[in-house]
Amino acid sequence: MFKISYGLYVLTAKDGEKQNGCIVNTLQQVTTTPNQVTIAVNKNNFTHDMIAKTGVFNVSILSETVKFDTFKHFGFQSGRDVDKFKDFPYETSKNGLPYITQGANGYLSGKVISSVDLGTHTLFLAEVTEGEVLSDDPSVTYDYYHKHIKQAPPKKTDGAKGWVCKICGYVYEGDPLPADFICPICKHGASDFEKL
């Protein structure tokens, strides 16, 4: 199995004919014999529900060539409302699930062995059933994402009140920002907001 580095990933799953995907950053290789990984998925995410039901998923490992549109497409809208694969190029692995090739340097397929409830997330332990290196491009890290891919948040304006999400740029108009506030776009918490 190729080495998994700290980075950003598109997690994909399928339930019947419905396919979905989301952005995650918590893939970790646990063992090499057998090949096993863990992945933490927010319970509010539609992809989480599909994995919990079917027990299988794919992970596309994003590279430094990935465009911001990929993050908008898989991270800023709910799969309950749209078909995320309708106009987005993808391939299908042997397990019948989609994985993206555009802006990805590899993918792997996982079959869930067990899961642990972590409150807001579920940690899935999975056996790797398939994997392929797609390119030699370096994996994207959060640092690279923030410096080279992410669009700048809205400019601060005189007299503006509110908070802006550092992840996606959503503006919360009001003060103070509730401590338990969750961004309606990217689902990050209040700690990822800064004052305008």
Side-chain angles (χ1 to χ4, degrees), residues 1-14 19-68 70-71 73-76 79 84-85 88 90-146 149-150 167-168 186-189 192:
M1 187 166 84
F2 54 91
K3 183 180 178 183
I4 298 171
S5 60
Y6 175 73
L8 296 165
Y9 314 93
V10 174
L11 174 67
T12 56
K14 181 177 179 181
Q19 302 179 130
N20 196 46
C22 65
I23 302 288
V24 296
N25 68 345
T26 54
L27 180 67
Q28 179 67 46
Q29 184 173 343
V30 179
T31 62
T32 56
T33 308
N35 292 331
Q36 294 180 343
V37 295
T38 58
I39 191 159
V41 187
N42 190 308
K43 290 181 184 177
N44 291 328
N45 196 298
F46 192 38
T47 309
H48 171 278
D49 299 345
M50 291 179 164
I51 295 169
K53 183 175 180 181
T54 66
V56 291
F57 61 84
N58 281 352
V59 176
S60 303
I61 302 160
L62 298 179
S63 71
E64 290 181 354
T65 63
V66 70
K67 305 295 183 202
F68 186 68
T70 300
F71 291 92
H73 190 80
F74 287 102
F76 299 172
K84 292 193 181 181
F85 290 96
F88 199 91
Y90 69 94
E91 299 289 329
T92 303
S93 62
K94 291 177 187 173
N95 65 6
L97 300 180
Y99 66 91
I100 68 167
T101 56
Q102 185 177 327
N105 63 15
Y107 80 93
L108 61 84
S109 301
K111 182 177 181 182
V112 175
I113 299 168
S114 64
S115 61
V116 178
D117 186 333
L118 301 177
T120 59
H121 290 66
T122 298
L123 182 71
F124 294 104
L125 172 64
E127 176 187 356
V128 176
T129 58
E130 183 180 354
E132 184 178 345
V133 175
L134 302 174
S135 78
D136 291 332
D137 297 328
S139 296
V140 69
T141 63
Y142 257 127
D143 185 52
Y144 188 91
Y145 168 76
H146 283 290
I149 298 172
K150 181 179 172 278
I167 306 301
C168 71
C186 68
K187 308 301 184 212
H188 282 81
D192 288 316

request  = Check the side chains of T141 and D143 for a donor-acceptor pair under 3.5 angstrom, ignoring hydrogens and angles.
outcome  = no

ask   = If you measure only the distance, is there a donor-acceptor pair under 3.5 Å linking the side chains of N58 and S109?
value = yes

Specify the closest pair of heavy atoms between [X] and [Y], including all atoms of both residues, with the distance to one decimal.
X	Y	answer
Q36	I113	NE2-CD1, 3.3 Å
I51	A13	CG1-CB, 3.8 Å
K43	D117	NZ-OD1, 2.6 Å
S115	F124	CB-CD2, 3.8 Å
E130	K94	OE1-N, 3.1 Å
F57	N95	O-ND2, 3.9 Å

Is [Y] close to [X] at the side-chain level, that is, under 4.5 Å between some pair of heavy atoms?
X	Y	value
L123	I39	no
L62	I100	yes
L27	L108	yes

message = Taking the ring centre of each residue, are Y145 and F71 less than 6.0 Å apart?
response = yes

Validation row, ring centre F85 to ring centre F74 under 6.0 Å = yes

